[in-house]
Amino acid sequence: MAAMFSQNPVMNGPNYSFSDSPQTNAPEGAREHRFDPYTDNGGSTLAIAGADFAILAGDTRLTSGYSINSRHHPKVFKIGGTTADQHDATLAISVVGFAADGEALKERLDAICKMYRYRHGKPMSVKACAQRLSTILYQKRFFPYYSHAILGGLDEEGKGAVYSYDPVGSYEREQCRAGGAAASLIMPFLDNQVNFKNQYVPGSGEGHALQERERNPLSRNEVEVLVKDAFDGAVERHIEVGDGLQMMIITQDGIEEVLLPLKKD
Amino acid sequence: MTSIGTGYDLANSIFSPDGRNFQVEYAVKAVENGGTSIGIRCKDGVVLAVEKVITSKLLKQGANKRIATVDRHLGVVYSGMIPDGRHFIDRARDEARSWRDTFKNPIPTADLASRMGGYMQAYTLYQSVRPFGITAIVGGWDSELESGVDGEVGRGPSVGAGGKTPGKKYGGPFLYMIEPSGLYWGYYGAATGKGRQAAKAELEKLDLSADGESSLTLEEAVKEAARIIYVAHDDNKDKDFELEMSWISGADGPTKGFHQEVPKALREEAERLAKKSLEDEDEEEEKKEDDKMEE
Amino acid sequence: MDHRPQAWGRPRDDVYGAYDGSYLQSGGPKTATQSPVVTGTSVVAIKYKDGVVIAADNLASYGSLARFTDVKRLRVFLGTSVVGFGGDVSDMQWLDRHLNELAIDESYDDEPSPSSLLSASPNKGHGKLNAANLHVYLQKLMYRRRNDFDPLWNQLLIAGLDAAGKPHLSSVDLRGTAFTSPSLATGFGAALAQPIMRRHAPTEEAAAALTREEAVGVVQECMKVLYYRDARSLDRYSIAVVTKEGVELKEDEQLERQSWAFAERIKGYGTQTV
């Protein structure tokens, strides 16, 4: 851990992979690998699908190392609307990881959704958009968007849909998913609270005889409380998470945006 | 013209036996049909003005500008074929930009005039092209200040090479007029287009010297320019027109060295004075005629 | 963010392991590689009621050598916005020329904006691109260059007004990461100046309550603290106030009221034994 923050003069300066002086004879056309195009801007996201809604949430902190660059930098975006304020959007995406890549990815997908809407006279379905997003990510397989994306919307039957991605386009529709710095903190909590993992009917037996608690879809209010609790927990335990909580609630009537305060420490 | 129809006017790059290039002369004719443009160089700036003939009532008022900015300190107005003028402007902008790329400094007005003169001249040389159907008036203010190089980071050396000669004056207002032949001269006052004769007669009455006691100031020049366009419009009375004006002053003047449209309030004031002056003249003439009648 | 531009964008040993450069030693012609050479240190800026105050010192360092001491790192765009540059100075010059070209392109549209007709300041006549627009433009430019593996080694602060006439302050770095905040600082300033500025403007609302005098005072205080603690800094600096009236830029300011009394109390870094 100490080596990570080697600003300490006792440690003989920071340890970077290269000396400051120019070096090497590279073959013609070859670029010397010195510039690291990626960085981690921290933050965390979370999405939960309900019976007739989907919620995407993310904190609004943007970090770089130990510094907080901004306390309000949203990670969740409406996409595919026909106006600048996206009031008629039906889909939302959250991106976390390297902020510049996340921004570029979101802008590309937004442009594609808009184009689809103008051409076909109807908004893109989540399913189609989900596949398209995977293709975008995979096309940049060898210089990936360093971003954990989650797409949310309502499927053809009006049920909440959440699709989660890895940086190179592998994707899956899920009931819920946490992404980003505090994903490993939030995900087990979600397993327990959304999918009722490790919850059994009391007195139903022992060992294999134990009966799992019956899964039933959560209400919108329950989910909102769950999201807030998840982030309050993450803020306590992860330095890169905090400042503000942004929630997009996708329903039949459109997308509602909520902004709640989180601890700023 | 004696040689018309003798075959020497069919192409560029062919002289007639008496040493004329008819294509160029026809291009001048195209200019002489265009709305009047003038430029005035006075001691503290340059004014450009044009009589913009309204060809249709369906055109939006004040839109479709005729005076163009070529670089921050340079403006161009022209009479003649407007598409030719647009291309001239494009080229002038390219020249100004490439000068900056090379020398990291704004292009002096004289150099722009020279390059554009050369460009227009080239269009008199080849069978495959025709000359420009415009006469352009180029106005500019070359900065009198110690101007930094584009992107320069510091003050640079205070002594040594690259300095300016003490006592010598640098920069100031410049005005050039470029004709279809590629000919260009520097002027105190320039006029072209349909009303050029009347305009030139008026321009000659002005004191445009740089240091005279009564030499014109920039603001007076704006008002004179408006008046002259109105006077010159007399030749073209059946058509409606809009007056368009721009100006360039030094760093301590109203435009801070930039080429800009004359502010609306000042332009309207100048137009009011111009109209009044024309009416006064008419009245005087009427009076004279009345006096004659009485006699 | 690490305060030394030399470290920006480098893979860290602890994350990636020491770099094995052996495959590059193939005896071909030398290729020039992007890394900052002559660098500028922090830029600090804070929003206030009517605009933004931004400052940067006038030093360009060559490593630890104070190479140029009269370098202007605040650049005015169209008379309406200011861009503050941290990081490589030659890339700053490239960007400055590029923005200059952009400004000339803007001036071709010669209809002056309504505001310029009302006020005497002529520079803003062409102000169709506001600071918020400029920020987006620079973000795309920087992100594109990082995608080409030919980054512009700078962190920029953009100060001005947005389309609604509200104060705008934002940042872009060499990777195209862009963000906004009531106060911002690049380089060392992110560690030393930001905490001071955030005391005065923790939120947008708090920033909107600051007066011009307060904002200038805070920025001057930050410049002083940076001069005390940043070895690559200078006590001559540039400061600009951007409002809807235009830009007031002073490029040769001297740090006032310095007190080095605190220095005597600092112990524990050197060879001293007591």
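Values below: all heavy atoms of this structure, side chains included; hydrogens, waters and symmetry mates excluded. Chain naming here is simple, since letters A, B, ... match the order of the sequence lines and numbering starts at 1 in each.
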Check your understanding: Is there a donor in the side chain of A:R108 and an acceptor in the side chain of A:Y145, or the other way round, less than 3.5 Å apart?
Key -> yes
Practice item. Could you verify whether a donor N or O on one side chain and an acceptor N or O on the other, from C:H98 and C:Y137, lie under 3.5 Å apart? Key: yes
Pick from [options] with the largest number of heavy-atom pairs that fall under 4.5 Å of chain A:
{"options": "C:P151, C:A191, C:G63", "answer": "C:P151"}
{"options": "C:L184, C:T203, C:N147", "answer": "C:N147"}
{"options": "C:E204, C:Q194, C:R198", "answer": "C:R198"}

Review point. Under a 4.5 Å heavy-atom cut-off, does chain C meet the side chain of A:Y38, its backbone, both or neither?
Key: both
Exercise for review: Answer with side chain, backbone, both or neither: which region of A:N41 has an atom nearer than 4.5 Å to a non-hydrogen atom of chain C?
Suggested key: side chain
Check your understanding: Salt-bridged, C:D91 to C:R145, with N to O below 4.0 Å?
Key -> no
Review point. Looking at residues at least two apart in the chain, or sitting in another chain, which of them share a ring pair (Phe, Tyr, Trp, His ring centres under 6.0 Å) with C:H168?
Key: C:H135
Point to revise | 4.5 Å side-chain heavy-atom contact, C:F179 and A:E103 | key: no
